[in-house]
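Order of the sequence lines fixes the chain letters, A, B, ..., with proteins taken first and strands second; residue numbering starts at 1 for each chain.
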Amino acid sequence: NAGVTQTPKFQVLKTGQSMTLQCAQDMNHEYMSWYRQDPGMGLRLIHYSVGAGITDQGEVPNGYNVSRSTTEDFPLRLLSAAPSQTSVYFCASSLLRVSGNTIYFGEGSWLTVV
Amino acid sequence: EDKVVQSPLSLVVHEGDTVTLNCSYEVTNFRSLLWYKQEKKAPTFLFMLTSSGIEKKSGRLSSILDKKELFSILNITATQTGDSAIYLCAVGQYGSSNTGKLIFGQGTTLQVKP
């Protein structure tokens with residue numbers, strides 16, 4: 001019963017490096033999204049997808065790329081990491097309706113950019 | 001611009017106290033309001049509210065929505081140290097471009113002292 005799986009859990013990057021945060025879900029959810037959480041800011045939507053091959057920008061998309069080649073996977077790419085991207089990242093998935101108890105979050109990825 | 005605002009941002013109480021957390025919103029095509037509890041990891045679902053005036057209750061926690069005044073409250077009675085967490089309010093919207101997206105407030109950090 002995996003749910004939403006995020007990797008890595010912790011990562012330290014140097015400014016300018018690139019990396020990919022992986023997110024996979026095994027619940028056949030159409031909707032997947034990435035949020036970042038900073039102190040005092042709540043969760044802010046980075047990118048989201050309503051199905052394979054479809055992605056769109058959220059509130060804070062700059063510096064991040066996503067793709068959705070399969071229903072299960074939704075990786076988040078940082079092409080050139082900046083200290084401002086130090087944050088906790090959450091992947092979430094749900095069926096294509098907003099019903100609170102069917103929105104599943106991953107365990108989070110703590111990213112530090114030095 | 002759609003926004004969700006929570007107050008207070010932080011709160012320190014003693015065990016046994018009752019607390020009220022507030023969430024106000026200005027969101028187009030409002031569909032539902034959700035409360036989450038976050039303890040160092042992923043947010044966990046508490047309540048989803050869609051109708052005004054109907055209280056949702058789970059143990060010592062309860063919540064109600066006022067769609068006329070655009071706010072919700074989360075009450076916690078007889079607080080315990082295990083209630084210490086960040087409480088997040090989020091609003092879901094109708095519309096094909098909004099389906100599945102949540103707009104989060106900043107969160108309220110509650111600390112319950114023994």
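- With respect to chain B, the highest number of heavy-atom pairs below 4.5 Å among Q6(A), E59(A), Q37(A) belongs to Q37(A).
- Using a 4.5 Å cut-off on side-chain heavy atoms (C-beta onward), L33(B) and C23(B) make contact.
- V4(A) pairs in a side chain to side chain contact (heavy atoms under 4.5 Å, CB included) with only one of the listed residues (F74(A), Y104(A), F105(A), F90(A)), which is Y104(A).
- In this pair, F104(B) and Y35(A) present their aromatic rings perpendicular. The plane angle is above 60°, beyond the 30 to 60° band.
- Heavy atoms closer than 4.5 Å to chain A are found nowhere in Q6(B), neither backbone nor side chain.
- For chain A, no part of L9(B) is nearby; none of its heavy atoms comes within less than 4.5 Å.
- Among M32(A), R44(A), M41(A), the residue making the largest number of heavy-atom pairs under 4.5 Å with chain B is M41(A).
- Proximity to chain B is limited to the side chain of L45(A), based on heavy atoms less than 4.5 angstrom apart.
- Contact record, Q85(A) with N62(A): NE2-O, 4.4 Å, taken as the closest heavy-atom pair.
- T79(B) and D17(B) are not linked by any side-chain donor-acceptor pair at a separation below 3.5 angstrom, with hydrogens and angles left out of the test.
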